[in-house]
Amino acid sequence: MLDLSSPVPLYHQISREIYRRIAEGGYPTGGALPTEEKLSAEFSVSRATVRQALAELVDERLVTRRRGAGTFVQKGRRAHARAAVQGSLMDS
């Protein structure tokens, strides 16, 4: 899933994959994302790399982080993400 030979940083590749999953409904609006531990195991990267990927999604206001509770898809943002992903596919 990750392209280790790509010049694109791993954290950015991970954030784009999570973004895609949100857009496609893999992570429902208001729902929790997997824990940092699970994501780091899934992508075979450090938790610091996952944290950096999640920070990108927080900056884009696609997810919110709640200390001690987890990371959640922002309400109303899934449709925004879906439109962005579809738009980028149509541009190709």
Side-chain angles (χ1 to χ4, degrees):
M1 187 174 327
L2 297 181
D3 183 357
L4 300 177
S5 65
S6 172
V8 177
L10 291 177
Y11 74 88
H12 188 70
Q13 291 182 51
I14 293 167
S15 74
R16 295 305 89 193
E17 175 60 21
I18 294 170
Y19 191 102
R20 184 191 63 74
R21 291 176 186 181
I22 291 169
E24 293 177 355
Y27 300 135
T29 300
L33 269 56
T35 64
E36 287 179 0
E37 289 95 0
K38 287 183 181 176
L39 289 170
S40 66
E42 176 185 349
F43 292 109
S44 299
V45 297
S46 70
R47 282 183 61 194
T49 301
V50 169
R51 256 186 240 116
Q52 218 173 350
L54 294 175
E56 267 196 355
L57 297 171
V58 168
D59 289 345
E60 294 172 17
R61 296 184 296 182
L62 193 61
V63 301
T64 184
R65 303 194 82 184
R66 295 185 212 137
R67 188 175 191 154
T71 305
F72 299 86
V73 179
Q74 289 272 39
K75 293 188 188 313
R77 300 304 290 176
R78 189 173 142 244
H80 171 74
R82 186 175 54 244
V85 168
Q86 288 173 344
S88 66
L89 291 175
M90 295 180 136
D91 291 342
S92 313

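A quick note: this is a predicted structure, and the numbers were derived from the prediction, not measured. The figures here come from the full heavy-atom set of this structure, side chains too, leaving out hydrogens, waters and symmetry mates.
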Point to revise | Step-by-step side-chain contact (heavy atoms from CB on, under 4.5 Å) determination, Ile22 to Thr29 | key: CA-CA 8 Å; Ile22 291 169; Thr29 300; over 6 Å; no
Review point. Step by step, would you call Lys38 with Glu42 a salt bridge (charged side-chain N to carboxylate O under 4.0 Å, His left out)?
Key: CA-CA 6 Å; Lys38 287 183 181 176; Glu42 176 185 349; over 6 Å; no
Exercise for review: Start with the C-alpha gap between Leu2 and Val45, add the side-chain angles, then the distance that decides, and say whether side-chain contact (heavy atoms from CB on, under 4.5 Å) holds.
Suggested key: CA-CA 10 Å; Leu2 297 181; Val45 297; 4.1 Å; yes
Practice item. Decide yes or no on side-chain contact (heavy atoms from CB on, under 4.5 Å) for Ile18 and Leu33, but give the supporting numbers first. Key: CA-CA 9 Å; Ile18 294 170; Leu33 269 56; 3.7 Å; yes
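Considering every non-hydrogen atom in both Gly30 and Lys75, the closest pair reads CA-NZ, 4.2 Å. Taking each heavy atom of Val73 and Val63 in turn, the nearest pair found is CA-CG1, 4.3 Å. Looking at every heavy atom in both residues, Tyr11 comes nearest to Thr49 through CB-O, 3.5 Å. Here the closest heavy-atom approach between residue Arg61 and residue Gln74 is recorded as O-CG, 3.5 Å. Taking each heavy atom of Ile14 and Ala53 in turn, the nearest pair found is CG2-CB, 3.7 Å.
Contacts of Ala48 classified as side-chain contact (heavy atoms from CB on, under 4.5 Å), with partners at least two apart in sequence or in another chain: Ser46, Arg51. Among residues two or more places apart in sequence or in another chain, the side-chain contact (heavy atoms from CB on, under 4.5 Å) test is passed with Ser6 by Asp3, Val8, Gln13.
Listed by first and then second residue, the salt bridge (Lys or Arg N to Asp or Glu O under 4.0 Å) pairs involving residues 62-74 are Glu36-Arg65 (not counting sequence neighbours).
Separation of atoms CG (Leu57) and CZ (Arg16) is listed at 6.0 Å; rounding is to 0.5 Å. Atom-to-atom distance recorded for Tyr19:OH and Glu24:CD is 12.0 Å, nearest 0.5 angstrom. The distance from atom CG of Leu39 to atom OG of Ser44, rounded to the nearest 0.5 Å, is 11.5 Å.
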